[in-house]
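Throughout, protein chains are lettered first and strands after them, A, B, ... in sequence-line order, and every chain is numbered starting at 1.
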Number of protein chains: 2
Amino acid sequence: MATIYDVAKAASVSPKTVSRVLNGDAPVGRKTRKAVETAMAELGYVPSNAARMMRSNRSGLIGLVTGALSQKLEPMEPTGLPDLYIVQGIQRVMADSGKTLIIADTGGTSAKVPQLVRTFLQHRVEALIYVADYHQQVTLDTGAGNCPVVLVNCFDADGTTAIVPDDERCQFDLVTDLVRSGHERIAYFTLDPAMVATELRSKGYRAALEAAAIPYDGALEVMARRNVENDDGGLLQRALDSVLALDRPPTVMCCGNDEMALRLYGLIRSRGLRIPEDVSVAGFDNYRVIAETLYPPLTTVELPYLAMGQRAAEIALGMIKGEDEQLAGSEMVPGPVHWRSSVTALNSVTKLRSNTGSTFS
Amino acid sequence: MATIYDVAKAASVSPKTVSRVLNGDAPVGRKTRKAVETAMAELGYVPSNAARMMRSNRSGLIGLVTGALSQKLEPMEPTGLPDLYIVQGIQRVMADSGKTLIIADTGGTSAKVPQLVRTFLQHRVEALIYVADYHQQVTLDTGAGNCPVVLVNCFDADGTTAIVPDDERCQFDLVTDLVRSGHERIAYFTLDPAMVATELRSKGYRAALEAAAIPYDGALEVMARRNVENDDGGLLQRALDSVLALDRPPTVMCCGNDEMALRLYGLIRSRGLRIPEDVSVAGFDNYRVIAETLYPPLTTVELPYLAMGQRAAEIALGMIKGEDEQLAGSEMVPGPVHWRSSVTALNSVTKLRSNTGSTFS
DNA sequence: AACTGCTATGACACCGATGTCATGACTTCG
DNA sequence: CGAAGTCATGACATCGGTGTCATAGCAGTT
């Protein structure tokens, strides 16, 4: 691989002059510049980042760890591979800023993390970003020293800078939209309460009811999914039957995620009910393969994974520049409601006017 | 950040001795080693890869480009984000071999590729891997010089080393299993024939029929999905009706992907037919969110993305070691059939014994 | 003519590790 | 006891760029 010395010799100039052509940090004569550029092209010269970094101490690399960190090793129900979107968001911002991403996947073994961090530090990454596959608390065995760290889709006990989805706000917005379109009996089939997101969304659900002065009915909020092997779907079936048996059954059923909604479609129809004429259904995640493919298409909330990634990248870049941003703890990012035909409006007037950034498709 | 000189001073030895402790390439006295190790721990010393690379010229980095390269800019129907699995496969192998992956996503703009490749070359990657999001032909504006290149899920006209899924074999295996379980009237709803995969799978479908001495009936193979905006699902509906109207309607329907199978479930039921009692359904992709969530669970074929990634990584490592492997052109990787209850056996005997690595779940 | 100011260029040290070679202490063997 | 061999260690050059400083050439000013 050619070096500046080779280029310098070919162009009959000093190495330093070649360096100047490369960086444009000092004036270079027009003829000289041309000679150098020709030589570089002929030799197929590409500057070595390693050598450059030796002096500048700026590697241009950002370390990204995905997977792992999970305290539960059980793989979650697939919910659209949020990590991927987060990573894309990060990548997009980083590429624009000229940084290069170096990525390590732990493959679910959080024990590998320290090793990966070490490798990143060897490459002198300018920042470290951890991405979790679902909203959770992590404890990270950093050893990262003074390297800036940003957590995404997770948070820790030490108040490390973190970007998390605003589950509460998302559920709040969804339920508020349901109320606006005339629903009052709103069932909510939750995921495993052990998950961080479940609790937050429950809060959002209740807050939306309260804001609309609709009394909370515990019989309408039922856990319908466990993160355990022996949940064969029976929970959801029983949950459905229990709310259908109520004196005042719900007019709309919210699901903890779109996959649950997919199952629910089948169950509701096997009970002889129509969607949305007899009962409306809403999901969570905007897992498009499901939400747009189902008939009728599913009203659901999008978790803003791409935006979270972008935000995390911006913050990391800010930390590199030394702005520090004082970002103590978590920043929550809300996401839009996607309004589709699985929910029917009960009030004749379309007084539904969302101010929450909802989209209608 | 501490250097070996700092460590050397702290341990009262020469820098070279610290280097020896790090690399173990020469004997070091026990007491000296201990002193050095203590000093390293105290200073939080992490060796600089850049400096190391200056001498060894081995960066330990592998460049990975995803997205882009696609000749069609239209995003495909989501089929389970194969790139992610491929990347995971690559990552897994690379991590085991001590290499670090650096990743760039083109975000769909193949124009960015040369720029990304340049960045990678600056980092002196030891190999370059391109991953496409679906099986396709690409033309890559390399400029990669003598850096080893491996294509995954795509191939080019120049015969660059490439790892692609064995679509033909996969479809062949699936249809063969269907035949073994007693089906003879096998419909096949294909994807857009403009896709490389579609043609290959058609060949597999026909080859399997021929191998079983079942006459090919053109009325059973119908295009049911176009990669265009105005395909509202009507194609599939008409395809279904056309085969149901045949004198000898099919006993099983194969779909071009699992998403199509999801739609087909709905359509079949709206015609008053039961799955699998009246008609069996098979998919393609083993897109688990769909295949395992549907009722009944979907028989489908898995495209071996993880394995493809692993294989690609192995080959790239081989090329780095200079084994060159003579791998002219493409290597095709087959994937297993996942046998689930959406397909019923027509022959009473369970003479079904797959030798194709099928799994039964 | 002497001085100032600017442009264009080169010499040289340096970043942090490692390869090469040299050296001193100690063991082993004839 | 001296020669040869092993062990442990250090001095120094080197990798490929960039920062610092010096210098030569030339125009403009007084």
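Counting only residues at least two apart or on different chains, the side-chain hydrogen bond (donor to acceptor under 3.5 Å, both in side chains) pairs with a member in residues 47-58 of chain A are A/Asn49-B/Gln122.
Scanning both residues, A/Val333 and A/Ile163, for their nearest heavy atoms gives CG2-CG2, 3.8 Å. Closest approach of B/Cys147 to B/Ala127, counting heavy atoms only: SG-CA, 3.8 Å.
Whole-Å rounding puts the A/Lys31 NZ to C/dT7 C1' distance at 15 Å. Rounded to whole angstrom, the span from the NZ atom of B/Lys9 across to the P atom of C/dG16 amounts to 12 Å. Per the geometry, CZ belonging to A/Arg33 stands 13 Å off C1' belonging to C/dT9, to the nearest Å.
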Show the atom names and distances, to 0.1 Å, of all donor-acceptor pairs under 3.5 Å that link a side chain in residues 86-103 of chain A to residues at least two apart or in another chain.
residue: A/Ser97; atom: OG; partner: A/Met94; partner atom: O; Å: 3.0
residue: A/Lys99; atom: NZ; partner: A/Glu126; partner atom: OE1; Å: 2.9

Spell out protein contact along nucleotides 10-22 of chain D as letters: B when the base is contacted, S when just the sugar-phosphate is, - when no protein heavy atom is under 4.0 Å; keep the 5' to 3' order.
BB-BBBBBBB---

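Across B/Val13, B/Val36, B/Val28, B/Thr32, a single residue satisfies side-chain contact (heavy atoms from CB on, under 4.5 Å) together with B/Arg20, and that is B/Val28.
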